Amino acid sequence: MSTPQLDKTYDPKAVEARWYDVWIRQGYFRASPAHPGQPYSIVIPPPNVTGSLHVGHALNHSLQDILIRWRRMQGRNVLWLPGTDHAGIATQNVVEKQLMAEGASRESLGRDGFIKRVWEWKATSGNTIISQQKQLGESCDWDRLRFTMDEGLSKAVLEVFVRLYEDGLIYRGERLINWCPRCLTALSDIEVEHEDMKGKLYHIRYPLADDPHTTLTVATTRPETMLGDTAVAVHPDDPRYRHLIGKKVRLPLTTREIPIVGDSILVDLTFGTGAVKITPAHDFNDFEAGERHKLSRISLFDQEAKMDPAGLHEAKVEGSVLQSLTMKPVQKARSIVVEALTERDALEKVEDHKMALGKCYRCKTVVEPYLSPQWFVKIKPLAAPAIEAVETGKIRIIPEGWTNNYLGWMRDIKDWCISRQIWWGHQIPAWYCRKCNANFIFEPNSTEVQGDKVTEKRTLVITKNAQPIIARYAPTKCSTCGEGNFLRDPDVLDTWFSSALWPFSTLGWPEQTPELKAYYPTSTLVTGLDILFFWVARMIMLGLKFMGDVPFRDVYIHALVRDAEGQKMSKSKGNVIDPLHVMEQFGTDALRFTLASMASPGRDIKLAEERIEGYRNFANKIWNAARFAHMHLTGIKESQPPDDRSFPGLWIRSRLNDTIKIVTMELEAYRFDRATNALYQFFWHEYCDWYLELIKPILQDPLHPEGPATRQTLQDTLEVFLRVLHPFMPFISEEIWQTLPHEGETIATQSYPVPQTHWHDPSAEETFRLFEQSISLIRTARVLLNYPPGQEVRVFVTHEEPATSATLVTLKQNLAHLGRGQISPVPLSQWPASNVLRLITDGITMGVSVEGDVDLKKALDRLEKQIAETDKESQRLDGKLNSADFVSKAPPEVITDHRDRLRALSRDRAMLTSSEQQLRTMLGI
RNA sequence: GGGCGGAUAGCUCAGUUGGGAGAGCGCUGCCCUUACAAGGCAGAGGUCACAGGUUCGAUCCCUGUUCCGCCUACCA
């Protein structure tokens, strides 16, 4: 093998494209259930098919790839399964926008045409994020790429739905749900984002029916809904109003009278006026209060949150008001109602009020509580085992702090609304016999619609009383009436319903596949906190229900990536860091390493480009170290490698050994930050700063007796380091590894280094500490004496301990090389009496000859400062040791340690003052 | 309203059996010393948010306060 010519700086771009191609072509990332190793599997949190890679993905995926590559190298049977999510609302929005630009619409295409169109869109645009993931170097098994709308996964969805229904865990019911008037669909509770807003609290007077001059004042933030009130509640213990319970009030702006009820749950005595209007069709609390008091519900709004004339009629709104309100949106309706109330002197006052407003997480439109028939999952029975799995530790949440968050939410979980009024998604497998449900189904009638300007009549209505048939296939015959005329429920399932099956649906369930057997439960789930409830909790519930086992053992929750100022990144703020741009600029390895290094638990990541640049420099450092190695390596792997017993060789292997140990341990603990720090520290500040410098004289002397052994160590340690590094920086490690003598085709499938006990060498490490301190003293002396770096100096060195002094003798050549001088490791008695600057650290006395006309003042300052510091520390230790309490109560080893340190300090102090005296003599002061 | 997390060098953050305060970046000074100026060497810089408590001893444990985040909640 010829010595490759490496460029002076590392160019990531060429390297990355080349190797990723090879990896894929050779199929290194392909999983096989037949692989002999212990399985290690991860399913990727499927990104939206509409998405492109953002820095949050980059973090999430980098961490997973580190785990996967690490385990693969450890010989585990690894599967990393990639895929995308069909993202019902988001995808439908994207395609509808496209249609709108063409002057078409979802309706004009019809349902089937539209679905076809979405698939077409997916075929052309749905792989954006996949190719970006490849750019990040992700070692997924791409042959197993899954999509939540795939045939197999759809089958799983169908199966789960039917079984849950058969088990009584799915039901259809008319409930108040969160409705997005823009997306025109129901949302689950957690798809609503709450935002604090400044609102107003309106106090409205309701006159008593039998005594119109007496009024009961209610407080509300939504005066427009008062038209739909069906009662007023007061607290049964409230002396102010207790006597009114059972009486009626006249609802202003309408001709209705509504009852006053006592309700201790709804009413808070201390808030507002103590009287609450009840609007069961427009408020979740009121809905429940309505249930308690058997109140009727009046829906005032249509699906676009506009005042519906039918509702206004039902509410018996006064004619003039009704006219002006018809088809008005919420905000407009509010001001009309407020104005009308003011005219009638029914508005007592308006005060400022802070309140939380719910918004659609997809489009940020204010959501409206909306009364409609929907499908729900009865969640409590599913939640109980999911709680237990975490409580008993079958599933570990990391960092542990989020466990309570999870448990709290699960214990208080509400039924899950799973129906969505959109087209793109898994259509609910529910059919209605048209004959049997004739009274409960109102289908749009095209002839009627043409003549009717009230457009919402076009909507299909399947009332709550309709009887569905739930089946895996479309029924052909009604079991009740025997006819075969069916209407399929138009709703589709919440996208998260299919995501919840991801860990087993992607492995082939409901078929019992070898993949399922080998890889379920998966090993680790890596995700952000934001989808802990959306996704993680639901996977646990459904995994337990359908697989009888948890979907994963560990849940590692990583931080949110923010910008350098700690602001959440968003397109509108323009503070988005684009990972693709970063990869282009600094290299993929640098980005990956940066993200891993910042993944400290429980803290958000503030990402600044300078950090990435810093790790780009690290990559370059590795590159140049490799260049250096190649200048001296033969490129041949010795069959009988010479044994390197030299101090640098023993030391660097010991350090490398320690690094392997730390990195492995930290990866096991999901401490990516500490693992990267260990790699950085080792390579830059031990391998490059010291080891490579130490061996230069040997390498540069072709006849040096230690040459072969040293070259062997240089080559071996670099190769091992690259393997330790590979999961973090896959590209540069592969590129360099390939230039070294090696076995196998790729570093990606080589064994991950394990600690070698015979490499561990405390004595070499001890010697190194002595060496490092000595060199540091010489260098400091050079600076104090203003010697240019090239100037040869005469150096004397000794140590209090004879044994250590003896070690210094053995280090003579190394000291001479890195200290750039002539070294005399002789006792103080043999030193010149003058013209030597003496510096002291930890028992080492280092003398550097003073030559020429130099200013010794700086040196004197340094000595005085060091003496002052020594005295301060001595006093502190002395104080403690003189305390009777300390001596009697502190552990003996601490006391011994303190005494040793004090002794060492006073020893150094004596040397320091001696040096200071000598210096003063030289200065003549 | 409730819960959780954070406050350590100019900046970003490490720091778990409580016993000498660390890293990276930035900054200052000197160096283009043939692996690397995307570099080398030497430095400066911190009453570890504030106030109490426990302890021989607290950045670390407990309590309270302030500030900043996040999650969560039906105060109409």
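It should be emphasised that the depicted structure is a prediction, and the values quoted were computed from it without experimental measurement. Labels below follow one simple rule: chain letters A, B, ... track the order of the sequence lines, proteins then strands, and each chain is numbered from 1.
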Next item on the list: With heavy atoms under 4.0 Å as the rule, sort A:Asn405 into base, sugar-phosphate or nothing.
Entry: sugar-phosphate
Margin query: Base, sugar-phosphate or nothing for A:His203? Non-hydrogen atoms, less than 4.0 Å.
Written below: nothing
Notebook entry, point to check: What does A:Arg782 touch in the nucleic acid at a heavy-atom separation under 4.0 angstrom: a base, only the sugar-phosphate, or nothing?
Noted result: nothing
Next item on the list: Pick base, sugar-phosphate or nothing for A:Lys696, based on heavy-atom distances below 4.0 Å to the nucleic acid.
Entry: base
Check: Expressed as a whole number of Å, how far does the P atom of B:rC60 sit from that of B:rA49?
Finding: 8 Å
Check: If we ignore angles and hydrogens, is there a donor and acceptor under 3.5 Å between the side chains of A:Thr217 and A:Glu348?
Finding: yes
Margin query: Would you measure the distance from the C1' atom in B:rA14 across to the matching atom in B:rG6 and give it in whole Å?
Written below: 14 Å
Notebook entry, point to check: Checking all strands, does A:Asp897 fall into the base, sugar-phosphate, or nothing category for heavy-atom contacts under 4.0 angstrom?
Noted result: nothing
Notebook entry, point to check: Relative to the 5' end of RNA chain B, which residue comes earlier, A:His685 or A:Cys688, by the nucleotide with the nearest heavy atom?
Noted result: A:His685
Notebook entry, point to check: With nearest nucleotides of RNA chain B determined for A:Arg876 and A:Asp189 from heavy-atom distances, which residue corresponds to the more 5′ nucleotide?
Noted result: A:Arg876
Item checked: Spacing of the P atoms in B:rC50 and B:rG10 (rounded, Å) -> 14 Å
Margin query: Testing the 3.5 Å rule here: is there a donor-acceptor pair between the side chains of A:Thr9 and A:Asn620?
Written below: no
Next item on the list: Describe the nucleic acid contact of A:Gly274 in one word from base, sugar-phosphate, nothing, applying a heavy-atom distance below 4.0 Å.
Entry: base
Checklist line | Terminal contacting nucleotides, 5' and 3', RNA chain B versus chain A (heavy atom, 4.0 Å) | finding: B:rG5 to B:rA76
Check: Checking all strands, does A:Glu693 fall into the base, sugar-phosphate, or nothing category for heavy-atom contacts under 4.0 angstrom?
Finding: base
Next item on the list: Select base, sugar-phosphate, or nothing to describe what A:Pro788 touches, counting heavy atoms under 4.0 Å on all strands.
Entry: nothing
Next item on the list: Determine the contact category for A:Asp412: base if any of its heavy atoms lies under 4.0 Å from a base atom, sugar-phosphate if only primed atoms, P, OP1 or OP2 are that close, otherwise nothing.
Entry: nothing
Check: Any salt bridge between A:Glu613 and A:Arg616, counting N to O under 4.0 Å?
Finding: yes
Item checked: Partner set under ring pair (Phe, Tyr, Trp, His ring centres under 6.0 Å) for A:His353, not counting sequence neighbours -> A:Phe271
Checklist line | Under 3.5 Å side-chain donor-acceptor pair for A:Thr279 and A:Lys277 | finding: yes
Next item on the list: Rounded to whole angstrom, note down the P distance from B:rG3 over to B:rA73.
Entry: 15 Å
Notebook entry, point to check: Say you pick atom P in B:rC67 and the same atom in B:rG46; how far apart are they, in whole Å?
Noted result: 27 Å
Notebook entry, point to check: Does atom NZ of A:Lys858 have more than 12 heavy-atom neighbours, drawn from other residues, nucleotides or ligands, at distances under 6.0 Å?
Noted result: yes
Item checked: Bracket string, RNA chain B, 5' to 3' - pairs by Watson-Crick or G-U geometry under 3.5 Å, | interstrand -> (((((((..((((.....[..)))).(((((.......))))).....(((((..]....))))))))))))....
Check: For A:Phe618, which contact category applies under a 4.0 Å heavy-atom criterion: base, sugar-phosphate, or nothing?
Finding: nothing
Margin query: Please classify the nucleic acid contact of A:Thr221 as base, sugar-phosphate, or nothing, using heavy-atom distances under 4.0 Å.
Written below: sugar-phosphate
Margin query: For A:Phe534 and A:Tyr361, I'd like to know if the aromatic rings sit close, meaning centre-to-centre distance below 6.0 Å.
Written below: yes
Check: How about A:Glu191 and A:Ser188: does a side-chain donor come under 3.5 Å of a side-chain acceptor?
Finding: yes
Next item on the list: Write down the distance separating the P atoms in B:rG52 and B:rA58, rounded off to the nearest Å.
Entry: 13 Å
Margin query: Using the P atom as the point on both nucleotides, what is the distance between B:rU59 and B:rU54, in whole Å?
Written below: 16 Å
Note to self: By the 4.0 Å heavy-atom rule, please label A:Arg779 as base, sugar-phosphate, or nothing.
What the structure shows: sugar-phosphate
Note to self: For the residue pair A:Ser600 / A:Asp673, report whether a side-chain donor-acceptor contact shorter than 3.5 Å exists.
What the structure shows: yes
Notebook entry, point to check: Going by distance alone, is a donor N or O of one side chain under 3.5 Å from an acceptor N or O of the other, for A:Tyr687 and A:Thr717?
Noted result: yes
Margin query: Is it the case that the side chains of A:Asp229 and A:Tyr206 hold a donor-acceptor pair, with the cut-off being a distance below 3.5 Å and no angle test?
Written below: yes
Check: How is A:Ile265 classified with respect to the nucleic acid when contacts are heavy atoms under 4.0 Å: base, sugar-phosphate, or nothing?
Finding: nothing
Notebook entry, point to check: Taking the C1' atom of each, how far is B:rA23 from B:rG19, in whole Å?
Noted result: 23 Å
Next item on the list: Check every strand shown and say whether A:Lys606 touches a base, only sugar-phosphate, or nothing at a heavy-atom separation below 4.0 Å.
Entry: sugar-phosphate
